[in-house]
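Everything numeric here is computed off the predicted structure, so don't read it as measured data.
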Amino acid sequence: MHVLKTVMARLSDSDFTPSLCKAARALVGWTAQELADSTDEVAPRTLRKFENGGSVRDGTRDAIRAALEAAGVEFINGGRPGVRLIGSPRDC
């Protein structure tokens, strides 16, 4: 009998997709405005552009991801990219 072992690895920066962004934002209960405000550098319009599949600069994507991680989101890839909450979501 073979046992499939899934190792949870950190998702690479290049695999941070609009779908994962939306899922992470929902996980912490933030609106697009609240996420944009938490980055201190990304406009809500730019965030919506990214979440709708538009291209944004790497620095913008990094700022969005960093804000979500600071709120307690972990981006994982155990064969399938995903998000999970570590600890309690930060109060907005």
Side-chain angles (χ1 to χ4, degrees):
M1 174 182 213
H2 291 93
V3 177
L4 179 62
K5 194 179 213 179
T6 303
V7 176
M8 300 307 260
R10 189 173 190 283
L11 188 74
S12 72
D13 290 339
S14 63
D15 291 331
F16 179 57
T17 64
S19 295
L20 287 175
C21 181
K22 286 189 259 189
R25 186 166 57 79
L27 195 60
V28 295
W30 280 353
T31 65
Q33 180 70 51
E34 289 169 322
L35 174 52
D37 289 347
S38 73
T39 67
D40 294 327
E41 59 187 82
V42 177
R45 178 179 171 185
T46 303
L47 174 61
R48 285 190 291 276
K49 176 182 175 182
F50 173 65
E51 287 189 343
N52 288 321
S55 63
V56 296
R57 291 183 297 172
D58 289 344
T60 299
R61 191 173 34 251
D62 293 345
I64 294 167
R65 181 175 177 161
L68 290 164
E69 288 175 336
V73 172
E74 182 178 28
F75 295 93
I76 56 174
N77 186 0
R80 291 186 221 168
V83 296
R84 66 180 172 186
L85 192 60
I86 51 176
S88 298
R90 181 178 78 190
D91 290 340
C92 304

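- Partners of E41 by side chain to side chain donor-acceptor pair (under 3.5 Å), not counting sequence neighbours: none found.
- Taking both residues in full, the closest heavy atoms of G82 and L20 are given as CA-CD2, 3.8 Å, listed atom of the first, atom of the second, then distance.
- Residues A23 and V83 approach most closely at CB-CG2, 4.0 Å, considering heavy atoms.
- Between L35 and C21, the shortest heavy-atom distance links the atoms CD2-SG, 4.2 Å.
- No side-chain heavy atom of P44 sits less than 4.5 Å from a side-chain heavy atom of T31.
- Using a cut-off of 4.0 Å between Lys/Arg side-chain N and Asp/Glu carboxylate O, D58 and R61 are scored as salt-bridged.
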**Prompt:** Hey, mind stepping through F50 and I64 against side-chain contact (heavy atoms from CB on, under 4.5 Å) and telling me if it holds?
**Reply:** CA-CA 10 Å; F50 173 65; I64 294 167; 4.1 Å; yes
**Message:** With side-chain contact (heavy atoms from CB on, under 4.5 Å) as the criterion, how do F16 and L68 come out once you've worked through the C-alpha distance, each side chain's angles and the decisive distance to 0.1 Å?
**Reply:** CA-CA 11 Å; F16 179 57; L68 290 164; 4.2 Å; yes
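- Considering OG1 of T39 and CZ of R65, their distance stands at 15.5 Å, rounded to 0.5 Å.
- In this structure, D40 has no salt bridge (charged side-chain N to carboxylate O under 4.0 Å, His left out) partners at least two apart in sequence or on a different chain.
- With rounding to the nearest 0.5 angstrom, the CG atom of D37 is 10.0 Å from the CG atom of L47.
- Here salt bridge (Lys or Arg N to Asp or Glu O under 4.0 Å) pairs that include residues 43-53, with residues two or more places apart or in two chains, are R25-E51.
- Between S38 and A67, the closest heavy-atom pair is OG-CB, 3.4 Å.
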